[in-house]
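Comments concern the structure below.
Computed over heavy atoms, backbone and side chain alike; hydrogens, waters and symmetry mates excluded. Everything numeric here is computed off the predicted structure, so don't read it as measured data. Here is the naming used below: chain letters follow the sequence lines, and residue numbers restart at 1 for every chain.
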Amino acid sequence: MYYDVVVVGGGVIGCAIARELSRYRIATALIDKESEVGFGTSKANSGIIHGGHHSSPNTLKGKLEWEGNQLWDDLCDELGFGFKRIGELTVALNSDQLPTLDKLQRQGEAKGVPGLERWDRDRIQAEEPHITEEAIAALFAPTTGVINPYEACFGLAENAVANGVALYTDSPVTDLSFDGETWTIQTPDATLHSRFVLNCAGLYADKLAEMAGVRSFSIRPRKGEEYLLDKRLQGFVKRVVFPCPTPVSKGTLVIPTFDGTLMVGPTAEMIDDKEDLTTTAEGGQKVFDFVTRMVPGISPRDCIAEFAGLRAVADGEDFIIGPTAKKGFINVAGIQSPGLTAAPAIATMLADILKDEGLSMEEKEDFVPSVPKPIHFASLSTDEQIALAEKDPSYGRIVCRCEFVSEGEILDAIRRGAKTLDGIKFRTRAGMGRCQGGFCTGRCMELLSRELEIPLTEITKRGGETWVVRSRKEEVASC
Amino acid sequence: MLTANVDRLRSDYDVVVVGGGPAGMGAALAAKEAGAEKVLMVDREKEAGGILLQCIHPGFGLHHFKEELTGPEYAQRYLEQVLETDIDLATDSYVLDIDKNNRVKLMSGRHGVREIETKAAVLAMGARERTRGAIRTPGKRVSGVLTAGLAQKFVNLMGVLPGNRAVILGSGDIGLIMARRLTLEGVEVVGVYEIMPHANGLNRNIVQCLHDFEIPLHLSTTVVDIHGQDRLEAVTVAPVDGFTPDLSRSQTIPCDTLLLSIGLIPDNELARQLNLRFDPVTRGPLVSSTMETSKNGVFACGNTVHIHDLVDFVSQESELAGHNAGLYVTGQQPPPDNVRLVPGENVGYCVPQTISTDRDHTIYMRVRKPMENCVLRLGDVYEKKIRYVFPAEMVNVKVRPKFLQNFHGDNLRLDVVPQEG
Amino acid sequence: MNATVAEHQDREISRYLCIGCPMGCRLEVEEADGDIVEVRGFSCRRGEAYAKQEHIAPQRMVTTTVRVENGLWARLPVKTTDAIPKELMWDLCEKLHELTLKAPVKMGEVVLQDALGTGVDVVSSRDMPYRES
């Protein structure tokens with residue numbers, strides 16, 4: 001197949017770029033090594049749309065953070081994923097930290113971030129009574145929001161595909177070559193040709209650059225462990241709570257996720273193994289030691305799930321975006337925090353770079369900017385629920401009782417491209433609640449099996465070798 | 001017969017029973033017998049019976065049916081009794097909410113979304129299993145780590161196996177039963193690991209599920225790490241001193257399946273929504289001697305209130321709840337309780353949490369530690385010698401008014417102490 | 001565990017864990033020339049009887065599942081109507097796993113008659129209705 005642009009890597013960056021490029025009359029492909037988009041670093045992202053004031057305006061990431069922040073409202077309207085500007089507090093626990101608050105405020109104001117406010121102890125206690133009384137001051141930023149990062153990936157990719165982008169999943173790049181004009185991208189199942197290759201390969205961006213013969217940087221993973229708390233604590237803290245940052249990390253946060261449950265973390269630890277998604281006893285200890293000081297009402301007993309993600313950190317810590325020595329190979333690498341926030345701004349930046357590199361980009365007249373919004377049954381009014389269940393009885397049938405997910409929503413997720421249990425879970429929340437799939441896994445497997453016409457034994461948690469069940473030996477013999 | 005669906009769904013009921021497992025069935029039947037005319041039992045699955053349907057082993061019913069039955073038999077016997085009455089049964093249905101005016105919001109694959117009036121409700125939703133998150137086992141997010149109950153559903157109902165080589169964490173009865181089931185179905189069970197210094201399951205299951213198959217039980221040992229890229233490849237186990245693992249003596253065991261049998265928690269989604277008062281130890285709603293919760297007309301029973309080890313006692317307790325729900329709607333409920341029970345020495349919790357000194361009561365309780373030749377004391381009005389008590393085995397005691405009437409106070413202490421002399 | 005230790009000539013002691021109640025008495029059966037000479041460690045009559053039974057001819061109820069076509073579920077739970085010799089457990093399961101039944105099946109229906117010549121039947125332990133698809 002011949003394309004104008006092949007985007008390698010279906011994380012939130014690749015998805016945002018693919019969706020942006022689908023506005024134009026060019027042939028674009030998005031390829032990912034995983035079974036579904038967003039299954040790498042993006043899935044484990046904290047889901048914060050940063051306020052705009054955290055990084056220095058003198059860095060690329062500092063510039064793109066604030067630009068990206070402002071683009072999320074429209075994207076959310078068009079693609080229907082969860083996004084709320086709940087605001088944030090950066091909290092100082094002693095007077096040594098006050099200059100850091102001053103610096104953040106000046107940094108934000110220099111970029112034009114509106115609404116930054118300094119809160120004193122009384123104001124903090126009045127607005128967030130569960131924050132420790134040790135907190136002497138805080139910087140409030142109303143521009144900070146939370147989204148479900150995986151939903152953003154699904155929405156962006158679905159919309160890109162609806163506008164003509166070809167999506168290849170389970171497609172790691174096994175070989176890459178350039179004849180001076182055209183790039184040839186080899187995957188286990190396909191051979192793709194393209195004028196441009198966009199390197200959005202996240203943790204493996206250095207490896208892809210090496211395959212292209214233009215490696216000029218290394219990517220090292222910085223691990224972050226996150227701990228999800230029981231719904232009991234819904235509303236316990238209303239805004240994202242940051243400690244005063246240190247040079248390497250924004251610190252351990254308390255994050256009210258878009259769905260209202262609290263998440264605490266992440267840790268920040270440089271590691272070597274790009275597949276090391278382990279959570280550790282020490283990491284958990286560190287997170288809870290810190291968080292229980294910041295918000296004393298939280299207890300490690302409230303933890304219902306934990307996971308880890310790997311930030312793709314390039315040498316020098318800044319984003320690496322731009323053309324390389326080989327024509328057509330463009331890096332979009334080292335996209336660590338605030339990469340999610342910056343994603344839509346990175347996408348428009350890439351469109352400009354491609355124009356500059358000589359790709360003729362004519363806007364489509366028939367570009368459809370939105371996708372049908374997924375129905376979230378639990379948040380409909382009773383009358384709407386009654387009407388919907390009458391029209392389609394599958395919406396009357398509960399599958400996940402912890403998160404109130406109906407069968408109709410699961411079937412819709414499968415029709416939109418969910419192929420795995422995680423694909424269902426991250427689109428609908430089925431299995432994300434306090435029982436962690438103990439009850440609904442069986443039902444979700446039956447639905448996947450029926451809709452995709454595959455046996456239960458072919459269903460995976462997230463693709464690859466993540467199989468869930470196997471056949472009985474006499475059933476294998478009788479096949 | 002098990003799926004015989006009653007298509008009728010009225011707009012109002014005397015008693016709505018939430019859950020169609022053993023607790024729900026017991027409550028529905030008893031409510032009917034006590035005089036409730038219109039009774040509805042709601043179950044979310046395609047057939048009533050609850051988790052009993054996947055518990056295919058024997059050991060049920062010795063108290064209630066006076067014979068040894070398997071789980072499915074126990075469920076079916078009960079359900080046949082329900083189906084002989086005019087109790088309405090809504091399967092494939094789920095109670096989303098009960099508002100303050102006792103309006104029940106029902107979601108149903110069969111009936112759509114409906115709002116129903118009821119005079120009383122009985123909560124009988126059962127329990128859920130504790131998961132990996134609850135014990136924060138470190139390690140990789142691989143497939144192949146699952147609760148014993150889910151594995152049981154895979155094997156006994158869906159006809160698929162969870163893996164090839166399994167390690168079981170937790171020696172509760174579900175874990176032991178699954179060790180035997182997996183072995184008989186061709187899954188190699190490497191061992192059962194228990195963090196406590198004693199097994200949590202019945203001796204019968206230790207012998208017949210582990211010894212019979214030469215499956216080792218490792219006490220004071222737990223899983224400290226989980227390995228693998230996609231699918232589970234190994235776990236690391238280590239002995240514990242108290243609850244602290246000694247990593248210097250850890251050992252890595254290749255396996256592709258880790259079954260968690262680490263306890264049950266009352267399923268309280270609905271009870272929390274109703275803002276009922278809770279017992280922090282049972283993690284279920286507080287109940288009076290009529291199994292009524294802190295909300296008038298809302299009763300609760302079975303594993304929703306506290307975790308039982310014998311289904312027979314679930315039935316007993318549920319019949320009490322259903323009976324009182326029936327009396328409530330016919331205006332015959334007994335006067336309120338006048339005494340609060342307070343767990344004292346070696347008593348973790350007791351159910352009910354309040355009683356009335358003018359009636360007979362069965363009090364269920366769990367001790368904190370094993371004890372031999374002990375005496376159970378109710379203040380200074382009643383005592384009973386017990387030869388042995390174990391945390392894993394619920395203790396129940398019947399008390400009559402002739403003793404209770406000697407008590408004149410508000411708080412009656414329950415102690416389990418060594419016999420003197 | 002039924003560890004057997006040769007104490008002295010012709011005398012063997014076998015050990016069992018009593019399953020009668022949570023006491024879990026450690027039972028010992030002493031045998032000489034093929035006869036039980038003494039049972040020790042029990043606290044009740046039932047324990048003594050259990051020790052002898054386990055020593056001479058251990059018996060087990062067997063429950064497993066059988067494949068069923070067009071049923072509400074893929075497997076039908078079954079049980080032996082009485083205990084069978086423990087050593088036949090594996091063979092019986094193997095034999096049952098070769099069967100395929102067709103829904104509907106009633107509770108108590110005989111699935112395998114006179115299993116392995118024991119005189120004990122294997123029966124269905126629930127109704128399995130036909131699945132309307």
Side-chain angles (χ1 to χ4, degrees), chain A residues 227-228 231-232 275-284 300-301 303-308 377-378 382 385-390 393-398 401-402 404 406-407 421 434-439 441-442 445-446 456-457 460-473 475, chain B residues 44-45 92-94 96 105-115 125 128-144 146-147 149-151 153-155 157-164 185-187 224-231 245 256 260 265 267 269-270 272:
Chain A
Y227 294 80
L228 205 58
K231 262 204 312 217
R232 181 182 84 75
E275 297 293 329
D276 177 10
L277 292 171
T278 51
T279 48
T280 60
E282 308 82 69
R301 278 186 59 188
C303 178
I304 60 162
E306 69 275 355
F307 59 90
F377 194 77
T382 300
Q385 289 176 339
I386 291 172
L388 183 61
E390 205 161 286
S394 71
Y395 281 97
R397 190 171 287 135
I398 193 113
R401 60 178 167 181
C402 303
F404 288 138
S406 63
E407 185 180 290
L421 286 173
R434 44 170 75 136
C435 93
Q436 289 289 299
F439 279 99
T441 300
M445 287 172 68
E446 286 172 345
L456 293 172
T457 48
T460 64
K461 178 171 159 57
R462 54 164 186 268
E465 284 301 305
T466 61
W467 55 276
V468 183
V469 295
R470 71 167 176 92
S471 303
R472 303 171 57 89
K473 64 176 191 299
E475 304 270 338
Chain B
R44 64 193 292 271
E45 295 295 334
D92 195 9
S93 302
Y94 186 76
L96 272 176
K105 186 168 167 189
L106 187 80
M107 200 173 153
S108 167
R110 174 167 292 261
H111 304 286
V113 175
R114 297 278 289 272
E115 288 190 301
M125 292 88 68
R128 63 190 155 90
E129 295 179 276
R130 291 179 76 215
T131 62
R132 177 177 174 184
I135 52 169
R136 293 205 355 242
T137 311
K140 294 267 187 149
R141 310 294 78 207
V142 289
S143 72
L146 72 170
T147 59
L150 178 58
K153 183 176 184 181
F154 284 152
V155 176
L157 299 178
M158 295 169 73
V160 286
L161 301 176
N164 300 294
E185 301 293 345
V187 179
V224 293
D225 206 353
I226 290 173
H227 311 274
Q229 205 48 60
D230 282 354
R231 177 75 191 192
D256 65 9
L260 304 175
I265 304 172
D267 197 323
E269 213 72 32
L270 190 55
R272 294 239 178 244

Nearest 0.5 Å please: distance from the CZ atom of B:Arg114 over to the CD1 atom of A:Ile386. 9.0 Å
Measure A:Ser394 against the heavy atoms of chain B and call it side chain, backbone, both or neither at under 4.5 Å. neither
Which region of A:Glu275, side chain (C-beta onward) or backbone (N, CA, C, O), has a non-hydrogen atom less than 4.5 Å from a non-hydrogen atom of chain B, or is it both or neither? both
Part of A:Tyr395 within contact of chain B (heavy atom distance under 4.5 Å): backbone
Say whether, by atom type as modelled, one donor and one acceptor occur between the side chain of B:Arg231 and the main chain of A:Trp467 under 3.5 angstrom. yes
Should the pair A:Arg472-B:Glu185 be classified as a salt bridge under the 4.0 Å nitrogen-to-oxygen rule? yes
Rounded to the nearest 0.5 Å, how far apart are SG of A:Cys402 and CD of B:Glu269? 5.5 Å
Check for a donor-acceptor pair, side chain of A:Thr278 on one end and backbone N or O of B:Gly139 on the other, with a separation under 3.5 Å. no
Any side-chain heavy-atom pair of B:Val160 and A:Met445 under 4.5 Å: no
Let me see the working for B:Thr147 and A:Gln436 under side-chain contact (heavy atoms from CB on, under 4.5 Å), right down to the final yes or no. CA-CA 10 Å; B:Thr147 59; A:Gln436 289 289 299; over 6 Å; no
Rounded to the nearest 0.5 Å, how far apart are CZ of B:Phe154 and CG of A:Leu456? 8.0 Å
Any salt bridge linking A:Lys461 with B:Asp230? Criterion: basic side-chain nitrogen under 4.0 Å from a carboxylate oxygen. no
Minimal non-hydrogen separation, A:Pro393 against B:Gly109, with atom names: CB-O, 3.7 Å
Going through the checks in order, is the side-chain contact (heavy atoms from CB on, under 4.5 Å) test met by B:Lys105 and A:Thr382? CA-CA 9 Å; B:Lys105 186 168 167 189; A:Thr382 300; 3.0 Å; yes
Give the minimum heavy-atom separation between A:Thr279 and B:Arg132, together with the two atoms involved. OG1-NH2, 4.4 Å
Need one label for B:Ser93: side chain, backbone, both or neither, based on atoms under 4.5 Å from any heavy atom in chain A. neither
Turns out that what part of B:Leu146 lies under 4.5 Å from chain A's heavy atoms comes down to neither
B:Val187 versus chain A, the contacting section by heavy-atom distance below 4.5 Å: both
Considering non-hydrogen atoms only, spot the tightest contact between A:Thr280 and B:Pro138 and give its length. CA-CB, 3.8 Å
Do you know which of B:Ile265, B:Val224, B:Ile226, B:Leu96 has the most heavy-atom pairs under 4.5 Å to chain A? B:Leu96
So, the part of A:Thr460 with a heavy atom under 4.5 Å from chain B: the answer is neither
Candidate pair A:Glu306 and B:Arg141, rule side-chain contact (heavy atoms from CB on, under 4.5 Å), full reasoning: CA-CA 9 Å; A:Glu306 69 275 355; B:Arg141 310 294 78 207; 3.5 Å; yes
Does any backbone or side-chain atom of B:Arg128 lie under 4.5 Å from a heavy atom of chain A? Answer side chain, backbone, both or neither. both
Nearest 0.5 Å, please: how far is CG in B:Leu161 from OG1 in A:Thr457? 10.5 Å
Side chain, backbone, both or neither: which part of A:Arg401 has an atom under 4.5 Å from a heavy atom of chain B? both
Rounded distance [0.5 Å steps], CZ in A:Arg397 versus CE in B:Met107: 10.0 Å
How long is the gap from NE2 on B:His111 to CD on A:Glu390, to the nearest 0.5 Å? 13.5 Å
With only heavy atoms counted, which part of B:Asn164 is less than 4.5 Å from chain A, the side chain, the backbone, both or neither? both
With a 4.5 angstrom heavy-atom cut-off, could you sort out which part of A:Ile304 is near chain B: side chain, backbone, both or neither? backbone
Side chain, backbone, both or neither of A:Ala281 within contact of chain B (heavy atoms, under 4.5 Å): both
Less than 4.5 Å apart, any side-chain heavy atom of B:Glu129 and any of A:Phe439? no
Does any heavy atom of chain A fall under 4.5 Å from the side chain of B:Lys153, the backbone, both, or neither of them? side chain
